*Asks:* 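Okay, here's the structure, questions in a sec.
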Amino acid sequence: SPIMEELITFHDHAFMAMSLISFLVLYALLSTLTTKLTNTNITDAQEMETIWTILPAIILILIALPSLRVLYLTDEVNDPSFTIKSIGHQWYWTYEYTDYGGLIFNSYMLPPLFLNPGDLRLLEVDNRVVLPIEAPVRMMITSQDVLHSWTIPTLGLKTDAVPGRLNQTVFTA
């Protein structure tokens with residue numbers, strides 16, 4: 001999904017900044033340990049103190065701005081095509097397609113005896129949710145009994161299902 005692409009791009013950006021900082025600190029540490037400290041005027045280095053004070057602030061801003069952009073993209077609601085309500089129960093999920101005649105069905109995990117070769121244990125269900133491609137979908141997620149986690153990693157989605165609270169996420173597959 002476009003949101004997952006943005007998340008991967010931000011991850012690469014932050015990882016590059018972290019790698020550069022780590023190598024710079026490692027280089028400074030190794031050079032300090034392997035050379036003789038012959039410069040005694042290091043205590044009067046006003047320019048150096050200014051640089052190592054301002055440089056981390058600039059780096060934090062360069063990481064924070066893309067992070068805020070991705071955060072607002074994930075929270076954006078763009079006039080969804082239809083809405084699906086997902087209710088977490090102790091051992092299954094209930095899905096309601098509210099825009100299409102109130103279609104309601106339960107999705108139970110398949111026991112190991114009913115798995116076909118190549119099926120994933122603890123991930124296969126008897127009734128799967130069908131989603132359209134390239135259409136915005138609003139998921140309303142809640143729980144009836146305990147905390148649950150509704151997630152689709154390839155779309156960059158993870159929303160907690162909390163009893164008494166209705167959480168919303170919008171995505172495009």
Side-chain angles (χ1 to χ4, degrees), residues 1-35 42 44-88 93-99 107 109 120-125 128-143 146-173:
S1 72
I3 298 296
M4 192 60 188
E5 289 179 10
E6 292 291 330
L7 286 170
I8 290 171
T9 303
F10 172 69
H11 172 268
D12 295 343
H13 172 74
F15 186 74
M16 184 60 70
M18 183 184 68
S19 298
L20 290 173
I21 291 169
S22 298
F23 286 127
L24 180 66
V25 169
L26 182 64
Y27 172 74
L29 184 65
L30 288 176
S31 67
T32 302
L33 292 174
T34 58
T35 60
I42 193 96
D44 296 328
Q46 293 292 330
E47 296 85 14
M48 189 64 181
E49 289 180 10
T50 304
I51 289 172
W52 76 44
T53 301
I54 293 176
L55 190 63
I58 292 171
I59 292 171
L60 285 175
I61 289 171
L62 290 176
I63 292 174
L65 292 178
S67 171
L68 289 174
R69 180 179 175 272
V70 172
L71 181 67
Y72 285 118
L73 281 175
T74 58
D75 197 35
E76 193 173 297
V77 177
N78 288 335
D79 199 25
S81 296
F82 66 97
T83 302
I84 301 173
K85 184 176 180 185
S86 176
I87 303 170
W93 289 89
T94 299
Y95 294 100
E96 299 177 14
Y97 288 80
T98 57
D99 295 340
S107 180
M109 275 192 314
L120 299 173
R121 191 176 74 87
L122 299 177
L123 291 178
E124 295 298 330
V125 294
R128 294 183 180 188
V129 175
V130 178
L131 300 172
I133 295 176
E134 296 180 3
V137 177
R138 177 189 309 152
M139 288 293 298
M140 307 296 276
I141 302 164
T142 188
S143 172
V146 297
L147 296 175
H148 297 281
S149 179
W150 191 88
T151 182
I152 303 177
T154 56
L155 293 178
L157 293 174
K158 181 186 177 300
T159 305
D160 292 330
V162 180
R165 180 177 174 155
L166 190 63
N167 290 326
Q168 169 181 298
T169 186
V170 177
F171 61 91
T172 302

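As a basis for the values below, the full set of heavy atoms in this structure was taken, side chains included, without hydrogen atoms, waters or symmetry mates. In this text, all values refer to a predicted model and were calculated from it rather than measured experimentally.
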*Asks:* Taking the inter-plane angle between the rings of Phe10 and His13 on a 0 to 90° scale, is it parallel (under 30°), tilted (30 to 60°) or perpendicular (over 60°)?
*Replies:* tilted
*Asks:* Minimum heavy-atom separation for Ile61 to Pro66, with atom names?
*Replies:* O-CD, 4.4 Å
*Asks:* Write down the atom of Gly156, the atom of Met4, and the distance for their closest heavy-atom approach.
*Replies:*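 Scanning both residues completely, I find the closest heavy atoms to be CA-SD, 3.4 Å.
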*Asks:* Who pairs with Met140 by side-chain contact (heavy atoms from CB on, under 4.5 Å), at least two apart in sequence or on another chain?
*Replies:*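 Per chain and number, Met140 pairs via side-chain contact (heavy atoms from CB on, under 4.5 Å) with Thr83, Lys85, Arg138, Leu166, Gln168.
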*Asks:* How would you list, by chain and number, every residue that makes a side-chain contact (heavy atoms from CB on, under 4.5 Å) with Ala135, sequence neighbours excluded?
*Replies:*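 In terms of side-chain contact (heavy atoms from CB on, under 4.5 Å), with neighbours along the sequence ignored, Ala135 is linked to Ser81, Pro132.
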*Asks:* With heavy-atom distances below 4.5 Å as the criterion, would you say the side chains of Ile84 and Leu131 are in contact?
*Replies:*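 Heavy-atom side-chain distance check passes, below 4.5 Å.
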*Asks:* Which heavy-atom pair separates Ile87 from Glu96 by the least distance, and what is that distance?
*Replies:* CD1-OE2, 3.6 Å
*Asks:* Using ring-ring contact (aromatic ring centres under 6.0 Å, His included) as the criterion, list what pairs up with Tyr95, not counting sequence neighbours.
*Replies:*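 Expected list: Phe105.
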*Asks:* Any non-hydrogen side-chain atom of Val162 less than 4.5 Å from a side-chain atom of Ser143?
*Replies:* no
*Asks:* I want to check something: taking the side chain as every heavy atom from C-beta on, are Val70 and Leu7 in contact at a cut-off of under 4.5 Å?
*Replies:* yes
*Asks:* Could you tell me whether the side chain of Ile141 reaches within less than 4.5 Å of the side chain of Thr169, counting heavy atoms only?
*Replies:*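 Of all side-chain heavy-atom pairs linking Ile141 with Thr169, at least one is under 4.5 Å.
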*Asks:* Which atoms form the tightest heavy-atom contact between Val125 and Arg128, and what is the distance?
*Replies:*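 Looking at all heavy atoms of both residues, the shortest contact is CG2-CG, 3.7 Å.
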*Asks:* So do the side chains of Leu24 and Leu20 get within less than 4.5 Å of each other, counting heavy atoms only?
*Replies:*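 Side chain of Leu24 against side chain of Leu20, heavy atoms only: no contact under 4.5 Å found.
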*Asks:* Pro163 versus Leu147: any side-chain heavy-atom pair under 4.5 Å?
*Replies:* yes
*Asks:* Once the angle between the rings of Phe82 and Tyr97 is folded into 0 to 90°, is it parallel (under 30°), tilted (30 to 60°) or perpendicular (over 60°)?
*Replies:* parallel
